[in-house]
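For reference, the structure discussed in these notes is given below.
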Amino acid sequence: MSFQSEIVKWYLSNKRDLPWRDTTDPYVIWLSEIILQQTRVEQGKPYFLKFLENFPNVSAFASASEEQVLKLWQGLGYYSRGRNMLYTARYVVANYGGQFPTSYEQLIKLKGVGSYTAAAISSFSSNEQQAVVDGNVYRVLSRYFGIEEPINSNLGQKMFSELAKELIIDQEPAIYNQAIMEFGALQCKPKSPVCSECPVQLGCYAFKHKKIDQLPVKLKKVKVRKRWFNYFVGITGDEILTKQRMPGDVWQHLYDFPLIETEEEVSMTSNEFLTQVEKLFGKDLELKVLEGKKHILTHQIIYVQFFAIDNYIVNFNQHAEIKSVKIEAFKQLPHPKIIGDFIEKHID
DNA sequence: AATCCGGGGTC
DNA sequence: GACCCAGGATT
């Protein structure tokens with residue numbers, strides 16, 4: 001039996017029961033695929049259900065506000081996915097009359113939809129012969145066929161997508177694509193794959209040559225930047241100071257607190273820091289240390305320090321980005337995870 | 001071609 | 001701590 005047939009056979013008896021399977025609605029598939037980008041199934045599942053409940057179709061999604069979408073997205077990360085979804089939902093309503101496209105050619109033009117997602121939606125919704133190449137596929141193919149070209153090199157990506165394209169010929173695209181990804185996720189895992197019970201063990205290059213833990217090859221050395229965020233929690237009566245984050249940095253469009261970023265950990269005796277703080281909040285400011293947290297992102301480690309401020313004065317003319325809003329309204333805004341956690345813990 | 005964009009799970 | 005997750009956009 002061929003590699004592909006074995007994988008499909010394995011899939012039919014081992015697949016998970018997931019809420020986005022058993023539908024060919026391209027809108028629902030799109031929803032699931034965007035949410036699952038760089039996101040584990042178990043992490044994405046509750047978000048998928050929440051989004052489907054709030055937005056049962058693309059028209060409902062299109063009529064949402066960005067704040068509504070980002071609030072639902074809160075905690076999932078890579079927030080541009082949420083912003084792009086809203087853009088795309090409106091685009092589909094405006095240009096396709098709310099009929100979500102199913103062809104690769106149309107899908108690839110949508111914001112937030114790349115080659116993987118276009119292949120996934122087109123094959124799952126209309127059985128178009130487009131091969132998905134995601135992290136699972138890279139791993140399974142590199143191991144089974146013994147491809148040592150790095151999966152994130154230009155040549156590597158080309159080789160893997162060519163191979164995937166050949167393999168899907170004569171397969172049922174929807175099932176085969178899901179099968180090879182599920183196989184990668186459950187059987188041919190990154191760490192400790194279940195080779196002893198593998199249906200394609202005999203043909204597997206990596207198993208034969210004992211290179212399971214060396215494939216796939218991936219070039220990588222991401223430098224992690226360290227940053228120090230000093231947040232100021234200012235509450236007067238039933239209002240709190242907040243600020244929306246701007247383009248060009250993490251958490252774009254989400255709401256946090258007034259912030260002074262420094263090159264290193266600040267000390268309360270640093271004149272330079274205190275001068276900056278007074279410049280923002282006035283001379284009579286009372287400052288208290290609340291708590292410190294370490295927040296890890298892909299390319300950054302952010303050391304977050306929260307300060308409580310009292311008796312502050314903000315010159316809203318000079319600092320138009322800072323606003324004072326009702327605490328209840330503030331809570332409804334979308335926040336970065338680190339801020340959302342702080343609010344839950346400290347602000348009733 | 002390299003870098004940025006989150007948060008969480010696993011070993 | 002290192003790696004990875006049903007990747008995509010930007011420079």
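Keep in mind that the numbers below use all heavy atoms, side chains included, and drop hydrogens, waters and symmetry copies. Protein chains get the first letters and strands the later ones, always in sequence-line order, with residue 1 at the start of each. As the structure is a computational prediction, the values presented were derived from the model and not from experiment.
Because its NZ or CZ atom is not both nearer than 6.0 Å to the ring centre of A:Phe48 and within 45° of the ring axis, A:Lys45 does not count as a cation-pi partner of that residue.
A:Phe342 and A:Phe257 have their aromatic ring centers within a separation under 6.0 angstrom.
Of the residues near DNA chain B, A:Leu155 and A:Arg81, the one whose nearest nucleotide (by heavy atom distance) lies more toward the 5' end is A:Leu155. Both A:Leu297 and A:Lys191 lie near DNA chain B, and the one whose nearest nucleotide falls closer to the 5' end is A:Leu297. In terms of position on DNA chain C, the residue among A:Leu18 and A:Gly112 whose nearest nucleotide sits closer to the 5' end is A:Leu18. Comparing A:Arg139 and A:Ala118 along DNA chain C, the residue whose closest nucleotide (by nearest heavy atom) sits nearer the 5' end is A:Arg139.
Checking B:dG6, B:dC5, C:dG1 against the side-chain heavy atoms of A:Tyr79 singles out B:dG6 as nearest. Each of C:dA6, B:dG7, C:dG7 was ranked by its minimum atom distance to the side chain of A:Thr117; first place goes to C:dG7.
The interatomic distance linking A:Gln38 (CD) with C:dC4 (P) rounds to 11 Å, in whole Å. Going from atom CG of A:Leu186 over to atom C1' of B:dT10 covers 15 Å, rounded to whole Å. In this structure, A:Asp341 places its CG atom 13 Å from C1' of B:dG6, rounding to the nearest Å.
Within the 4.0 angstrom heavy-atom criterion, no nucleotide atom of any strand lies near A:Lys223. A:Asp249 comes within contact range of the sugar-phosphate backbone alone, with a heavy-atom separation under 4.0 Å but no base atom that close. Residue-level contact check: A:Gly75 touches the backbone only, with heavy atoms under 4.0 Å from sugar-phosphate atoms and none from bases. Looking at heavy-atom distances under 4.0 Å, A:Ser153 makes no contact with the nucleic acid at all. Looking at heavy-atom distances under 4.0 Å, A:Ile302 makes no contact with the nucleic acid at all. If you check every strand for non-hydrogen atoms under 4.0 Å, A:Val132 touches nothing. Within 4.0 Å of A:Gln300, counting heavy atoms only, lie sugar-phosphate atoms of the nucleic acid but no base atom. Residue-level contact check: A:Ser80 touches neither bases nor backbone, having no heavy atom under 4.0 Å from any strand. Looking at heavy-atom distances under 4.0 Å, A:Ile35 makes no contact with the nucleic acid at all.
The pair A:Arg21-A:Asp17 fails the salt-bridge criterion, with no side-chain N (NZ, NE, NH1 or NH2) lying under 4.0 Å from an Asp/Glu carboxylate O.
No option in A:Phe160, A:Phe3, A:Tyr205 other than A:Phe3 meets the ring-ring contact (aromatic ring centres under 6.0 Å, His included) test with A:Tyr144.
Taking only side-chain nitrogens and oxygens, A:Trp73 never comes nearer than 4.0 Å to OP1 or OP2 of B:dG6. Contact between the side-chain N/O atoms of A:Tyr138 and the OP1/OP2 oxygens of C:dA6 is not found at any separation under 4.0 Å. For the OP1/OP2 pair of B:dG6 and a distance below 4.0 Å, the side-chain nitrogens and oxygens of A:His295 include no atom meeting the criterion.
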Problem - Check against side chain to side chain contact (heavy atoms under 4.5 Å, CB included), A:Leu72 and A:Phe55 - result: CA-CA 11 Å; A:Leu72 286 169; A:Phe55 310 129; 3.6 Å; yes
